Amino acid sequence: MILVTGAAGYIGSVTTELLDARGVGVVALDNLSRGHRASVARHVPFYLGDVGNRELVAQIAREHEIDACIHFAAFAYVGESTAEPARYFQNNVEQGIELLGALLEAGVRRFVFSSSCATYGEPQQVPIPEEHPQKPTNPYGWSKLFVERILESYDQAYDLKFVALRYFNAAGATERLGEHHDPESHLIPNVLAAAQGQLPAVSVFGNDYPTSDGTAVRDYIHVSDLAAAHILALDHLGRGGESSRINLGTGTGYSVLEVIDAARRVTDRPIDIKVEPRRAGDPSHLVANADKARSVLGWRPEYAELYRIIQTAWEWKLTHPNGYESTGD
Ligand SMILES: NC(=O)c1ccc[n+]([C@@H]2O[C@H](COP(=O)([O-])OP(=O)(O)OC[C@H]3O[C@@H](n4cnc5c(N)ncnc54)[C@H](O)[C@@H]3O)[C@@H](O)[C@H]2O)c1
């Protein structure tokens, strides 16, 4: 069985759905601080609680034969992490250490970790390879980097094998599952909320970056492609593969204005923009060098085009105008 933490969150729920669809036994753990119970199918065993609750994790390991853990659970707002770093280090690092302790005690030695391109900080080179220096510019990025370093030490000392997947920008939806954060800080859901008239305009933070149209460039990766990469990472560890750090992006960047234009075409609705000052610590370009995911994991993203990624998010938005609240759960 695979323990998925943060299984009621955006990426965790899609990965849980995919594991379940492939017939892999999965157990969900989430404290629902930011997730939605409705996003995890009722037949999947669900434990409500903190990943830092060692007794609970030990109980899960007793009740199910856990072979590996995919650890999504974390707080993930850059701005909030700058205002409340203690909360971020407690939730993402301290609780992560307790989770790892409980798993090691239960004999679990395979771990897939949700890391982030935020561990690189201001890029010195784009596309960004995994060997790029890691100098986060905010506590969120540091919390992810600390866990990566802890995993390296645990690999050496306790033979814990891990894959740290450094995601770029997750986007899109499956038929049943989509992105619902409150507040929403991600561009595509906000663009679609504007298309639906739920927001008067989309904020564009900075239009004087050294990019083709002055707005920031990001690498958008479909959430189903992300989920598939987690299963490949589990397969890699299952084959006895070495611990690895791997970027997950498509290798193609799109500017904020390109995203908004694509969303206008997908939705066929007007979307107004409001230009605002740059946000501190927002680099101009964040695009992955995605070669390692292909060579080590054999991963091939199915959604290479931004238009299609946005289309899936829009289809979900039309059926879930208020996210999971639309389902009444
Ligand atoms: N969304 C992205 O673009 C992106 C990019 C890079 C990295 N990541 C990382 O991927 C992971 C998943 O991101 P997401 O967008 O799905 O986030 P999310 O907020 O939708 O999901 C996180 C889930 O973890 C749960 N959780 C948080 N702390 C917990 C704790 N201590 N114990 C138990 N449950 C807890 C929340 O309730 C939520 O359901 C996070 O670790 C995030 O840092 C996301």
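These numbers come from the heavy atoms of this one structure, side chains and all, not from hydrogens, waters or symmetry mates. A quick note: this is a predicted structure, and the numbers were derived from the prediction, not measured. The residues of the chain are indexed from 1 along the displayed sequence. Order of listing sets the numbers, starting from 1, for every ligand and every atom in it.
The aromatic rings of Y158 and Y154 lie perpendicular to each other, with more than 60° between the two planes, well past the 30° mark. Relative ring orientation between H64 and Y47 is described as perpendicular, the plane-to-plane angle rising above 60° on a 0-90° scale split at 30° and 60°.
Here F89 and F146 bring their ring centres to under 6.0 angstrom of each other. H186 and H181 have their aromatic ring centers within a separation under 6.0 angstrom.
Within the 4.5 Å cutoff, side-chain heavy atoms of D282 are placed close to those of R218.
More than 12 heavy atoms of other residues, nucleotides or ligands sit less than 6.0 Å from atom CD of E63.
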Table of N or O contacts for ligand 1, cutoff 3.5 Å:
from     : atom 1 : to   : atom 2 : distance (Å)
ligand 1 : 3 (O)  : A170 : N      : 3.1
ligand 1 : 16 (O) : Y10  : N      : 3.2
ligand 1 : 16 (O) : I11  : N      : 2.8
ligand 1 : 20 (O) : Y10  : N      : 2.9
ligand 1 : 20 (O) : H181 : NE2    : 2.8
ligand 1 : 28 (N) : N91  : ND2    : 3.0
ligand 1 : 31 (N) : N91  : OD1    : 2.8
ligand 1 : 31 (N) : Q95  : OE1    : 3.0
ligand 1 : 32 (N) : N31  : ND2    : 3.3
ligand 1 : 32 (N) : V51  : N      : 3.0
ligand 1 : 34 (N) : N31  : N      : 3.1
ligand 1 : 34 (N) : N31  : OD1    : 3.3
ligand 1 : 37 (O) : D30  : OD1    : 2.6
ligand 1 : 37 (O) : N31  : OD1    : 3.4
ligand 1 : 37 (O) : S33  : N      : 3.2
ligand 1 : 37 (O) : S33  : OG     : 3.4
ligand 1 : 37 (O) : R34  : N      : 2.8
ligand 1 : 37 (O) : G35  : N      : 3.1
ligand 1 : 39 (O) : G9   : N      : 3.1
ligand 1 : 39 (O) : D30  : OD1    : 3.2
ligand 1 : 39 (O) : D30  : OD2    : 2.6
ligand 1 : 39 (O) : G35  : N      : 3.3
ligand 1 : 41 (O) : F72  : O      : 2.7
ligand 1 : 41 (O) : K144 : NZ     : 2.7
ligand 1 : 43 (O) : Y140 : OH     : 2.6
ligand 1 : 43 (O) : K144 : NZ     : 3.2

